[in-house]
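Order of listing sets the numbers, starting from 1, for every ligand and every atom in it.
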Amino acid sequence: MSMTHPTALVLHGGAGVLADKGYEAEITHLRTLAERGKAMLSGGASALDVVEAMVRDMEASGLYVAGRGTSPNSAGRYELDASIMEGSTRKAGAVSALEGFISPVGAARAVMEKTPHVLLAGAGAAAFAREQGLERVEDPDAYYTPAAVADDREIATGTVGAVALDSEGRLAAATSTGGTLRKRWGRVGDTPIIGSGTWADERVAVSCTGQGEMFMRANAAADVSARVKYAGARLDDAVRGALDDVGRLGGDGGIIAIDAAGNVSALYNSMGMKRALVHPDGRVEAMVK
Ligand code: ASP
């Protein structure tokens, strides 16, 4: 197959990082996963399929505060949020406060493809996921292995996300989370909000992690695109500008992004961000700080 376009990929495993922890397991996992994503992209897979596959894997790993690694909320329930967006069509799907399913990002993709809607919430989202026959969590207390408290110490954030550029020049983004630690029952953060936690258009694909309330008030993911579109910003400057705005509101976290030329960006104003980058020249990097 002839490659008409450079491909690239960025993953994050959340901005929740403890200063003195090594994160070897997460770095190894992210590197291996990024290599798999790179192989998918060079085999011609769509950006949409790649970001979904990357996020599904991170959800199932139990290493991050998403999917299996989710902590219970203040009411002892596991409510998960996720979203996915395809840049070339600007189609998007999301679920919020979803209970009882293995892959929230898979449910988000089903919302995008099987309904005329963008976001389904709570019991309605769960009824839809059931109807679609999506894989269920039979026993939440046995399945979930809260990554945020696994170390006996706590981190408040740890969402996962992926952005990709495929060989046909299409961009896509996906994000999935268990939300912030001990969030209030019914609380929804930026992750399933298109424009706040996730965005993809013909210019950029963006996924955010951090204190969701501030990312929502900054409309951070869409702001990266706006800075490129209206101000002609370089990708890194657009990401830095959006992150600075989150910071001015008192929020910390990180943003990963990719543009249509294959520029990649992964910046944070937190202690670190678990992340991996596949550059257009094929170089793979994985790191936390
Ligand atoms: N942004 C997520 C939320 O507020 C948390 C995170 O990134 O870990 O739900």
Please indicate whether any nitrogen or oxygen in [X] is less than 3.5 Å from any nitrogen or oxygen in ligand 1.
X: Gly212; answer: yes
X: Cys208; answer: no
X: Glu213; answer: no

Run the salt-bridge test on [X] and [Y] with the 4.0 Å N-O cut-off and return the result as yes or no.
X: Lys274; Y: Glu26; value: no
X: Arg56; Y: Asp49; value: no
X: Asp57; Y: Arg36; value: yes
X: Arg187; Y: Glu213; value: yes

Go through ligand 1 atom by atom and flag the ones less than 4.0 Å from a non-hydrogen atom of Gly179.
9 (O)
Near Thr191, which atoms of ligand 1 are under 4.0 Å from a heavy atom of that residue?
1 (N), 2 (C)
I need the contact type for Met216 against ligand 1. Using non-hydrogen atoms and a strict under-4.0 Å cut-off, is it side chain, backbone, both or neither?
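Contact part for Met216 vs ligand 1: neither.
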Heavy-atom distances under 4.0 Å are what count here, so tell me which part of Val65 touches ligand 1: side chain, backbone, both or neither.
neither
Over 12 non-hydrogen atoms of neighbours within 6.0 angstrom of CD in Glu113:
yes
Closer than 4.0 angstrom: is that true for some heavy atom of Ala15 and an atom of ligand 1?
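Contact absent.
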Does Asp190 reach ligand 1, in the sense of a heavy atom lying below 4.0 Å from it?
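Contact present.
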From atom 2 (C) of ligand 1, work out which of Thr180, Thr209, Thr159 has a heavy atom at the shortest distance.
Thr159
Linking directly or through intermediates, with side-chain heavy atoms under 4.5 Å: list the remaining ILVMFWY members grouped with Ile256, chain and number order.
Val10, Val163, Leu165, Leu171, Ile258, Val264, Tyr268, Met273, Leu277, Met287
Enumerate donor-acceptor pairs with a distance under 3.5 Å from any side-chain N or O in residues 234-249 to protein atoms, sequence neighbours excluded.
unit_1 : atom_1 : unit_2 : atom_2 : d
Arg234 : NH1    : Asp237 : OD2    : 3.1
Asp236 : OD1    : Ser265 : OG     : 2.5

